[in-house]
Structure formats: structure tokens, C-alpha cells
Amino acid sequence: MSHQSTQIVSGWTFRQHQGPSTEWLPVEKVPTQVHMDLLANKKIPDPFVDLNERAVQWIGDKDWQYQVTIIPDPAEGENVTRDLVFSGLDTFATVYLNEDKILETDNMFVSYRVNVTDRIKAATENILRIVFHSAIVRGEELIKEHGHEHNFLVRQTERSRVPVRKAQYNWGWDWGPILMTAGPWKPVSLETYVVRIDDVWAQSEVSKDLKSVSGSVFARVAGNPGKEDQVTISLSLDGQAVFQQVVDIADSSLSKDGLIKVPFKLEGPKLWYPKGYGNQPRYLLHAKLHRKSPNLDKIHSESKLIGFRRTELVQEPDAHGKSFYFRINNVDVFAGGSCWIPADSYLAGVPSERYYEWAKLMAEGNQVMLRVWGGGVYEEDALIEACDQFGILVFHDFQFACASYPAYPSYLKTLEEEARQQIRRLRTHPSVVVWAGNNEDYQVQERYKLDYDFDNKDPESWLKSSFPARYIYEHFLPQLVEEEDPGKIYHPSSPWGDGKNTADPTVGDIHQWNIWHGAMNKYQEAGGMGGRFVSEFGMEAYPHLSTTRRMASDPSQLYPGSMVLDFHNKAIGHERRMMSYVVDNFRPRHDLGGYTHLTQIVQSETMRAAYKAWRRQWGKPGARQCGGVLVWQLNDCWPTMSWAVVDYYLIKKPAYYAISRALRSIDVGVHRTFHDWTQTGYWVDENSGLVTGQVDQTLPARKGTFDVWVVSSSTKPVDLNVAVRFISVRSGKDVADPIKSTITASANSTTDILQGKALPPSIPHPEDLTKPFPVSEYDPYVVHATITEASTGTLIATDTAWPEPVKFLDLSNRGIAFEVSPAKDEIVVSAEKPVKGFVFEEVEGLKLSDNGFDIVPGEKQTVRVEGALTADQLLWTCIGAPDASLKISNSSSLPLR
């Protein structure tokens with residue numbers, strides 16, 4: 001008989017196990033998690049609203065059970081096997097079939113297959129019941145059981161999470177709620193077969209000259225194959241077969257323990273490239289199990305889309321220490337992108353289409369790498385497949401985060417099954433280029449001064465130390481990766497240098513949290529705070545108002561710092577930190593719209609400063625000072641204020657667009673000396689433009705310099721026209737002659753155009769510190785750079801450097817005007833004077849081509865509008881505007897075209 005798989009979606013009911021009520025409540029569908037079903041049955045308030053998160057904490061302390069009735073069809077033929085397949089159970093579960101215990105689970109990340117051939121009854125009712133035990137309670141029990149052999153130290157949330165192989169963010173994090181989920185969070189299926197294809201995959205290597213790819217295709221057969229059974233393995237591209245081989249399963253020379261291995265070689269393969277560096281062709285890998293000729297009756301088949309690419313993590317000594325960047329198909333790739341947390345607090349409810357939209361959003365924002373963080377889950381096929389399609393590289397952590405994890409035998413046993421399953425699931429995806437052992441666990445070791453001797457290279461001795469997880473990260477996991485996916489890049493941790501210091505900027509990757517956290521450095525200082533690869537950094541901001549309003553049912557709570565809004569922001573000290581960055585740079589506003597806008601511009605300016613400066617350090621071949629930048633974080637798992645640059649409802653903050661502009665294929669950057677005039681006498685380093693904090697009266701505090709550069713990811717040199725203007729903030733007129741030149745931007749490199757160039761004076765007698773500073777005569781200006789194609793004059797990119805802090809500037813009455821297209825799908829914005837932080841208010845379902853930009857006189861910003869609103873319905877604001885929600889139609893000038 002042919003293989004049959006039936007997903008058990010409907011007919012489920014649930015209730016609290018041994019609870020006060022015996023009533024079974026309906027479940028809309030499986031996959032599900034208990035909070036979703038309690039919400040659907042109106043048994044709890046929505047935890048995403050008000051303070052309701054507190055009202056549902058009891059759920060995580062209880063056990064829950066789910067039940068469904070199965071009536072299988074009679075099996076056809078002999079040697080038929082029936083399996084119940086549980087793709088994911090969250091987390092400690094006991095499974096009963098007709099009240100016979102058939103399975104006990106302890107790992108959310110593992111799928112389970114149970115042979116129930118002799119236990120399930122055909123053509124009659126069978127009761128499948130699953131009891132989910134509290135992960136909190138079981139976690140505490142495990143600590144008691146193993147407390148004599150491990151410390152279970154944590155840096156985030158509570159320690160009961162540490163021995164539990166479950167999504168760690170369920171215990172809460174500094175951006176998400178405590179929602180302790182349980183339930184069948186992935187599909188439950190009944191499979192009937194005699195023989196089936198268990199898996200199919202390829203191991204391959206692209207030649208150094210990229211002209212061929214060779215390796216082996218593997219297929220694993222399970223069940224009871226017959227003598228007449230064959231497997232046809234094929235590779236095809238765009239519907240055309242490029243490789244095919246038929247294998248007789250009975251041929252012992254080709255089959256061992258159900259494993260078939262077929263060598264292959266392709267000449268002139270179509271290679272998979274990251275977005276912006278080439279195309280993303282994928283081959284269809286197909287394994288068909290069938291009878292021999294003449295009918296070739298299909299029994300079962302499995303298919304996967306795979307891609308071929310040559311991948312290296314280049315770590316070589318250089319003038320800056322040791323490099324850290326990715327080389328794909330012999331092309332050095334600047335890995336600009338984002339870090340990813342789980343898409344929702346209830347992952348069972350996230351549709352495939354939503355993952356696709358997230359990946360598409362990254363691609364549209366010029367991002368080429370997504371780092372899957374280690375405190376969530378091994379990400380869904382839908383997300384990874386979308387990354388394959390859009391050319392987004394995936395840097396995937398194993399699921400460990402901010403803790404000292406154990407390594408006792410039972411823990412390692414379930415971890416091995418988890419790791420093997422997940423490596424096998426993701427190994428054929430061309431987007432997945434690197435596995436990292438954990439997130440920040442070596443920082444926990446540094447914080448608590450655990451037993452860690454870098455020079456000790458004996459893995460067995462690590463198991464006896466107070467940091468046994470070193471055995472997992474430096475021995476256990478890399479060994480499993482090599483066994484299951486030979487040649488895959490493995491990185492012991494993020495961050496990780498050479499194992500001695502996680503904050504070393506000269507080697508490995510770093511998490512730069514001295515902006516926002518730590519020393520709370522000014523974001524203007526980002527250029528001097530980079531590393532070889534910045535895999536985390538961030539700045540918080542409020543989401544757009546439509547999202548914030550959904551957090552509070554009581555309108556009286558819609559003000560900055562209200563009980564509800566502060567409750568939704570889980571970051572430690574967020575009130576002080578957020579306001580500090582606001583008042584350092586801008587005139588504070590206390591209405592919700594105004595304060596929201598200021599936090600968004602602070603976040604956007606941080607992204608501009610960091611991505612521009614660190615991408616500038618991409619440098620040239622052989623001198624790649626910085627190999628990539630990943631913002632913490634791309635997304636949210638619930639409606640909140642956080643470091644996310646796109647909120648829970650996929651509404652983009654201005655920071656998203658700042659990143660997109662900084663990651664254009666060819667971009668221009670401007671940096672000017674940062675002056676905080678309140679710190680008179682502070683020395684400005686003329687090389688970096690940073691205020692060092694050292695008093696040095698030998699250098700005048702009123703002088704300034706600026707730099708202009710171009711960075712390109714094009715693999716060919718590009719001829720460009722460069723223009724630099726100096727535009728008065730007060731009048732909108734140029735205060736000095738523009739600087740113009742034609743340059744050739746080097747291929748895949750940074751090209752410095754102007755370095756340490758003296759700025760025109762914006763104050764009287766800048767050379768003489770003995771004379772007073774007449775504020776009334778202060779005429780500040782922006783430095784504005786544009787690059788255009790030399791041959792066509794087509795505008796490629798712009799950048800604007802402002803005199804800082806902006807709070808010292810009068811930005812009222814900017815003379816902003818709008819032109820709305822007749823179809824209302826495009827709007828053009830212009831201004832008579834320089835505008836800082838122009839933002840259109842966004843809502844769910846609205847798609848803008850750009851937002852959160854600056855405007856200078858003589859240039860127009862064109863924005864395409866799609867989705868929930870038309871161009872004439874947009875609300876806008878900017879720094880210095882009288883209101884945070886201005887209407888286009890109320891503007892002083894509105895020429896229509």
C-alpha cells in the first residue's frame with residue numbers, strides 16, 4: 001500500500017488536569033497552546049492587554065490535558081505499520097492511547113514517532129489523550145534532583161528554565177511576557193505504511209573555481225521494503241532533470257540500515273547567492289519509492305528544495321587582530337541584518353504566510369543576514385524556506401541563552417536527539433550558513449567567575465567543573481554538527497572571541513551593549529565601539545501609536561510612563577535609559593505622540609550612526625575591520641516597547657528604514673565632529689570625531705571636521721558623482737560653496753572621499769576661545785552629501801550630518817510641502833529649510849517605500865504608498881513640528897498633481 005498521513009487537526013477538547021472542573025472545552029484546531037484555547041473559550045483575559053499578563057500566571061503552574069477521538073480506516077495488505085507522529089509537544093507530556101501509556105516526553109524541540117500498530121483499533125473509536133505537566137514545577141524538581149552536581153545560574157528570569165528543554169523566553173525576558181505555554185504546539189499525525197522515505201538530503205561541495213559541485217545524495221528508507229521496491233533519486237532545476245539514479249533497495253551494496261547513498265557531480269551548477277550578490281536558484285531534490293517496471297507504482301516520495309553554494313567564515317590575522325566575515329561563492333559579503341526572537345508568544349498560532357512576510361520585509365530592507373537567537377526555538381521551516389527564497393543568510397544559535405546549563409547524562413541524552421533532529425531538518429537549506437553554540441552563556445561564566453580554564457583542552461574534565469556546558473559548546477555540539485552536516489560552519493557561542501574574552505573587539509563577534517545598557521555611551525560614539533562582527537546592539541523605541549493603543553483598554557493609560565505602558569516594557573531601567581537618550585539629543589515632549597516620535601528618532605539615529613560607521617569599516621579585501629552588523633532586534637513577540645525595529649503587527653519603526661538606507665548596495669556616509677557645547681573644553685579626536693571626555697585646552701572646542709565616504713557591495717567598480725553641500729538650518733540657504741567631484745567607488749569596498757576636512761565656521765571667530773560665544777549669531781548648518789551615477793546622473797544615495805545635539809536648534813517653520821499623485825499611491829515631500837526626523841504615522845497593513853528621513857531644500861523625497869491608507873490619509877510629524885499627528889490636508893502648501 002502507499003504511504004498515508006492524516007493530520008489530526010479537529011475534534012480535540014481540553015481541560016485542566018485534575019482541576020476544579022471536569023468540563024472538556026472545545027479546541028478550534030491543533031497545533032495549539034493552552035493560552036490560545038483558554039482565550040478562545042473566554043476563560044482568561046487577553047494577556048497582551050493592560051496588566052492581564054499577571055492574571056494568567058496560574059496557567060503555567062497547572063497541568064493540562066488534550067483529548068481527541070481517532071477512527072482509522074482498515075489497513076490494506078500485510079506488514080502494515082501505523083505510527084502516531086508528534087511533531088512537537090510542549091514540553092513534559094504523557095501520552096495515552098485508549099488509556100495505555102505510549103509515550104513520555106521532556107523536550108519541546110524533539111519530534112516523536114510511536115508505533116501503535118498493535119494498540120490502535122481500525123474502524124472504531126480510539127481515544128488519544130495527552131497530559132501536559134507544568135514546566136515550572138518540573139524544572140524546580142529537576143533542580144532539586146541535580147542541585148548537588150550543578151549551580152543552575154541565570155542572568156535572565158528564573159532558574160527553573162535552565163534544566164528544561166523548552167523555549168526559554170516562555171519564562172519572560174527583557175522584551176517579552178511570562179507566558180508558560182503547554183500543548184501540542186506542532187502537528188499530530190497518524191501515518192499508515194508498509195515502507196516509506198524517512199528523509200532525503202544532499203552533502204556537497206562546490207569547487208574552488210565554482211565550475212562544479214560534487215557530493216552524495218542520501219535517502220533513508222524505513223519500514224518493510226519488498227524485493228521489487230526501488231528508489232529513484234533525482235535533481236532537477238526549473239523542471240529539467242540534471243541528475244537521476246534508480247536504486248534497488250534489495251541491493252545490499254547500496255543499502256545499509258535503510259540508508260541509500262548515491263554520489264553525484266554537476267558541471268556548471270547554478271549557485272545560490274545572498275540577496276544583492278546574485279540569484280537564488282534552488283534545485284528540487286526528489287526521492288521516489290516505487291515498484292519496479294512496468295508500472296512504477298509510487299509508494300511514497302519526499303522532496304526538498306536545495307541550493308549549492310561555497311561558504312567560508314574568514315578568520316585570518318590582520319592589522320586589526322583576526323578577521324570575522326563570510327565569503328559566499330568567493331565573494332566577501334558584509335552581513336548587515338537583524339537578530340530574530342520568536343514571532344509570537346503563542347507560536348502554534350503563527351501562519352506560514354506571516355513568516356514569509358517577515359523574510360520579505362528583511363529583503364526589502366536590504367538586509368542579508370538573520371540571526372536566530374538562542375532563547376527561543378529552532379525556527380520554522382516556513383521562515384527558513386523564505387530566507388532561502390529571498391537570499392537571507394541564517395546564523396542560527398542552538399537553544400541556550402544567558403545561563404549556566406547542566407551536562408548530566410539524561411540532559412545530554414535528550415539534547416543529542418534534539419540537536420541531531422534540528423541539524424538534519426535544516427542542513428539542506430542554503431540560507432543556513434552557521435550554527436552557534438549558545439547566546440551569551442560565556443558571559444554568564446565571566447559574570448559568576450565559574451571554573452573555566454581556557455588552556456585546559458580536556459573535554460571530560462570540563463564535565464566536572466562549575467561550567468560543564470563548555471563540554472556542550474566546544475565538544476558535544478560541534479561533533480554532532482560534523483557528523484550530521486559535514487563542513488558546516490560552527491561557532492562556539494555568540495559572542496565569542498578566541499574563548500578568552502567575549503568583549504574583545506579584535507576577534508570573533510561581540511555584543512555591543514554599552515549603547516543603551518552598560519556605560520550608556522552616546523550613540524554618536526558608535527564608530528569607536530565596533531568589533532570584527534557586531535552580532536548584537538540596539539536602542540529602544542516606542543512603536544507607532546496604533547500599536548500602543550492596543551496595549552491599553554483604558555484611554556487614560558495612554559501617556560508615556562503610565563502603569564500599563566511601563567508594564568509592557570520589560571527592559572530593566574527603561575524609563576531612565578530611554579529618557580536619557582531623548583533629553584541628551586532632543587527637546588523633550590510629554591504627550592504620547594510627541595514622546596513616541598522622539599524615541600523613534602533616537603532609535604533611528606542610533607541605527608544610522610552604527611550601521612554607517614561599522615559598514616564603513618568593511619574596508620577592502622585583506623583589511624575587513626568589521627564583517628557584519630545585526631541589530632537587536634528585528635521583531636517583537638507581543639505588543640510592546642522594545643529594541644525591535646518592526647513591531648508585533650509588522651509595523652515598521654523609522655529605524656527599519658534607517659537600516660535599509662545604510663545597507664543599500666552603494667551608500668554614501670557623512671560624519672562630522674560631534675560637539676556638545678555644554679562640555680566646553682572637551683577634546684574632540686579629529687581622527688574618529690569622538691568626544692573622549694578628556695579636558696585638553698590645547699585643541700579648540702569650536703573647530704570641526706567632517707568625513708565623506710562611499711561603501712559598495714557591487715563586485716565591480718562604479719563611477720560616481722559626489723556633491724557635498726552646507727545648508728543653513730536657519731535659512732535653508734547654502735553657507736559655503738558645494739564640494740563636487742567624480743570618483744570611482746572600489747568594488748566591494750569602502751572608498752574614502754574626504755577625511756578630516758575642515759568645516760566652515762558656524763559661529764563668529766571660531767579660532768579665538770578668549771572671545772564670547774554670541775548665540776544669536778550662531779548659524780548652524782547640515783552637511784549633506786549625494787552620490788549619483790556618473791553616466792546617467794541617477795540619484796543613488798544621500799546622507800546628512802547635523803550639528804549636534806539637535807536640541808540646541810530651532811526647527812520650527814520648516815516650510816514643508818506635499819504633492820499627492822492623482823492615484824493617491826505616491827506622495828512627494830519637500831521643504832524650504834532642513835527637516836529632521838520626518839515620520840509618517842504607520843498602521844497595520846500600510847506599506848511605505850521610505851519613512852523617518854531628513855529633508856533638505858532643493859531635494860524631494862518620494863514615498864510610494866500601498867495598503868491600509870492612501871497618500872492623502874497619512875499623518876505626519878517631524879522634530880520641531882507643533883503636533884505629533886499632523887494631517888497632509890492641513891499643511892500650508894498642498895499642490896496636487
Side-chain angles (χ1 to χ4, degrees), residues 151 153-156 161-162 165 168-169 173 313 315 321-326 335 339-341 369-378 394-407 411-412 415 418-419 422-423 432-457 459 462-463 465-482 488-513 531-537 627-630 632-633:
N151 49 56
L153 296 170
V154 295
R155 197 170 61 109
Q156 286 267 16
R161 70 178 173 86
V162 180
R165 296 311 299 154
Q168 303 286 271
Y169 82 113
W173 220 262
L313 174 56
Q315 297 185 86
K322 183 188 281 189
S323 66
F324 191 106
Y325 63 92
F326 292 91
C339 294
W340 170 267
I341 65 169
M369 178 169 274
L370 182 70
R371 173 176 168 250
V372 178
W373 170 72
V377 297
Y378 299 92
V394 176
F395 180 133
H396 206 307
D397 292 357
F398 282 97
Q399 293 307 297
F400 302 90
C402 301
S404 173
Y405 287 91
Y411 188 87
L412 291 179
L415 175 60
E418 166 193 320
Q422 299 301 335
I423 297 166
V432 180
V433 294
V434 58
W435 283 102
N438 66 84
N439 171 82
E440 297 184 354
D441 289 359
Y442 283 83
Q443 291 187 347
V444 174
Q445 172 270 131
E446 292 169 345
R447 176 176 181 173
Y448 292 108
K449 303 186 186 309
L450 302 178
D451 184 6
Y452 179 79
D453 179 3
F454 172 77
D455 295 321
N456 178 7
K457 303 301 181 182
W462 302 341
L463 289 169
S465 72
S466 59
F467 184 47
R470 183 184 182 189
Y471 177 88
I472 296 174
Y473 309 141
E474 296 182 49
H475 176 73
F476 190 74
L477 289 177
Q479 180 175 299
L480 296 180
V481 170
E482 184 59 27
K488 178 74 74 180
I489 298 168
Y490 178 82
H491 189 53
S493 178
S494 182
W496 170 268
D498 275 343
K500 295 181 180 179
N501 179 1
T502 61
D504 187 345
T506 69
V507 60
D509 67 321
I510 64 168
H511 292 183
Q512 180 49 273
W513 280 110
R532 308 318 305 266
F533 192 101
V534 183
S535 48
E536 276 190 27
F537 85 104
V629 183
L630 306 176
W632 184 268
Q633 63 219 55

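Sequential numbering from 1 along the given sequence is applied to the chain's residues.
The shortest non-hydrogen separation linking R532 to G508 is CB-O, 3.4 Å. Of all non-hydrogen atoms in D504 and I510, the two that sit nearest each other are O-CG2, 3.4 Å. Taking each heavy atom of R161 and A401 in turn, the nearest pair found is NH1-O, 3.0 Å. Closest of all the heavy-atom pairs between V432 and K488 is O-NZ, 2.7 Å. In terms of heavy-atom proximity, V444 sits nearest to S404 at CG1-N, 4.1 Å. The two residues G437 and L477 make their nearest non-hydrogen contact at O-CD1, 4.0 Å.
The distance from the CZ atom of F537 to the CD atom of Q512 is 10.0 Å, given to the nearest 0.5 Å. Annotation: the span from F476 atom CZ to L480 atom CG amounts to 5.0 Å, rounded to 0.5 Å. Separation of atoms CZ (F395) and CG (L630) is listed at 7.5 Å; rounding is to 0.5 Å. The distance from the SG atom of C402 to the CH2 atom of W373 is 7.0 Å, given to the nearest 0.5 Å. Considering CG of L450 and CG of L153, their distance stands at 6.0 Å, rounded to 0.5 Å. Expressed to the nearest 0.5 Å, how far CG of D509 lies from OG of S493 amounts to 7.5 Å.
Looking only at side-chain heavy atoms (C-beta outward), R165 and Y411 come within less than 4.5 Å of each other. At a threshold of 4.5 Å between non-hydrogen side-chain atoms, the residues E474 and W462 count as touching.
The aromatic ring centres of F324 and H491 sit less than 6.0 Å apart. A distance of 6.0 Å or more separates the ring centres of F467 and Y448.
Under 3.5 Å, the side chains of N439 and S494 contain no donor-acceptor pair of N or O atoms. A donor atom on one side chain and an acceptor atom on the other are not found under 3.5 Å apart for Y442 and R470. A donor-acceptor contact closer than 3.5 angstrom is absent between the side chains of Y405 and D441.
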### Message
Go through it in stages, so that I can follow the logic: the residues are V433 and L313, the test is side chain to side chain contact (heavy atoms under 4.5 Å, CB included), and I'd like the CA-CA distance, side-chain angles, deciding distance and then a yes or no.
### Response
CA-CA 9 Å; V433 294; L313 174 56; over 6 Å; no
### Message
Evaluate W173 against I341 for side chain to side chain contact (heavy atoms under 4.5 Å, CB included), listing each step before the verdict.
### Response
CA-CA 11 Å; W173 220 262; I341 65 169; over 6 Å; no
### Message
Could you walk me through whether E482 and Q479 satisfy the side chain to side chain contact (heavy atoms under 4.5 Å, CB included) test, starting with their C-alpha distance in whole Å, then the side-chain angles of each, then the deciding distance to 0.1 Å, before giving a yes or no?
### Response
CA-CA 5 Å; E482 184 59 27; Q479 180 175 299; 5.9 Å; no
### Query
Does the pair T502 and Q445 meet the rule for a side chain to side chain contact (heavy atoms under 4.5 Å, CB included), with working shown?
CA-CA 10 Å; T502 61; Q445 172 270 131; over 6 Å; no
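Proximity of a side-chain donor or acceptor of Q168 to a complementary backbone N or O of F400 within less than 3.5 Å is not detected. Not one N or O on the side chain of R371 forms a donor-acceptor pair closer than 3.5 Å with the backbone of E536.
Aromatic ring pairs are classed by plane angle as parallel below 30°, tilted from 30° to 60° and perpendicular above 60°; the pair Y378 and F398 is perpendicular.
Summarising the local packing, NZ of K457 is surrounded by more than 12 heavy atoms from other residues, nucleotides or ligands at distances under 6.0 Å.
With sequence neighbours left out, S465 forms a side chain to side chain donor-acceptor pair (under 3.5 Å) with no residue at all.
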